[in-house]
2 protein chains.
Amino acid sequence: MELVKIYECLCDLTRLRVLHVLARGPLCVCHFQAVLAEPQVKLSKHLAYLRARGLVSVTRRGNWMVYALPSAPPPELRANLACLQDCAREQPIFRRDLARLERLAPALAETGPGCCGPATRPPRRARPAAPARAR
Amino acid sequence: MELVKIYECLCDLTRLRVLHVLARGPLCVCHFQAVLAEPQVKLSKHLAYLRARGLVSVTRRGNWMVYALPSAPPPELRANLACLQDCAREQPIFRRDLARLERLAPALAETGPGCCGPATRPPRRARPAAPARAR
DNA sequence: GATTCATATACCTCAAAAGGAATATAGTCG
DNA sequence: CGACTATATTCCTTTTGAGGTATATGAATC
């Protein structure tokens, strides 16, 4: 993987934040919305950009598109994502994202990365946990 | 230093190559020209971009502008520059740049980072080493 | 099939920036 | 001061891409 391609992915704050929280585990778009406090359209676009360049992979689970980091990233990508994790520790915007992610953790534990909607919005209908986990 | 600002500097191949060779030591523009095989105007622009964002510092020595990495970079910059060095090792374009730099090494040893012209062009007038080193 | 939910994409606007040609600027030397 | 060297900057063109509005697409459910 060309190094400059990686940096082209990292040079946007939204994408940087996406990759930073993704290191903690897979997420669907509506969880990204809650964690990053960004609109769906914006996130979808950036996720598409990352997907097109091999920085994230996506799996559909029913209504939910679940994004994850590549399971076997090339070494230069691995190194840069590790570097990002180290550096983000001291930066407020990334810490805030993680705080929001922690607040979501119970919901994630219950439904997995595909859920029934952002934590900020009450579920319209209860979703059974089983279908979300079934693959 | 904001992380995304660093990546904005790294997301251009020319700038990436500049930073990569600069880790080996200070260089003037015409040495960059020789090492990176890129035109002066292009390099000046990218160096200006990097300078404006604090990624390089510059010193004038007579006719020569000598660029260097910051002597005390913030931790996130240090980490990313180290990461770049590690990753560039396996990439042909960066290795070629280093090869050209090694080929220039004797000229650098003689005149320092400010020189009398690119190695590809014979010097019009011999420059004494002393003025280039004097600061 | 209609409805609903999740999310991708089309269309549009605007801004940033890469790169080249031309030229300005700063310094040196005779 | 003029000539020369090194290099920064201006002007211009083109490209890329961020982000918003609107809408299309895919899946689930009844």
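Just so it is clear: chains get the letters A, B, ... in the order the sequence lines come, proteins before strands, and each one is counted from 1.
- Across all strands shown, B:Y67 has heavy atoms under 4.0 Å from sugar-phosphate atoms exclusively, and none from any base.
- Closest heavy-atom contact between A:A23 and A:Q85: CB-NE2, 3.1 Å.
- Whole-Å rounding puts the A:L43 CG to D:dG20 C1' distance at 14 Å.
- End-to-end axis angle of the helix from C:dG1-D:dC30 to C:dG30-D:dC1, from C1' rotation axes over five pairs per end: 10° (rounded to 10 degrees).
- Side-chain N/O atoms of A:R15 include one lying less than 4.0 angstrom from OP1 or OP2 on D:dA18.
- In this view, A:L98 and A:H20, A:V21, A:R24, A:L101 satisfy the side chain to side chain contact (heavy atoms under 4.5 Å, CB included) rule, not counting sequence neighbours.
- Judged by atom type and distance alone, A:Q40 reaches the base of C:dA8 through a side-chain donor-acceptor pair under 3.5 Å.
- Of all nucleotides listed (D:dT9, C:dG19, D:dA6), D:dT9 comes nearest to the side chain of B:R51.
- A ring-ring contact (aromatic ring centres under 6.0 Å, His included) check over residues 36-60 of chain B, counting only residues at least two apart or in different chains, returns nothing.
- Every side-chain hydrogen bond (donor to acceptor under 3.5 Å, both in side chains) that B:R100 has, sequence neighbours left out, goes to B:D97.
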Please output the side-chain donor-acceptor pairs of residues 2-9 of chain B that fall under 3.5 Å, not counting sequence neighbours, one pair per line with the distance.
unit_1	atom_1	unit_2	atom_2	d
B:Y7	OH	B:N80	OD1	3.1

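- Among the nucleotides C:dT9, C:dA8, C:dG20, the one closest to any side-chain atom of A:A48 is C:dT9.
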Quick one: which protein N/O atoms are closer than 3.5 Å to N/O atoms of nucleotides 10-12 of chain D? Pair and distance per line, please.
none

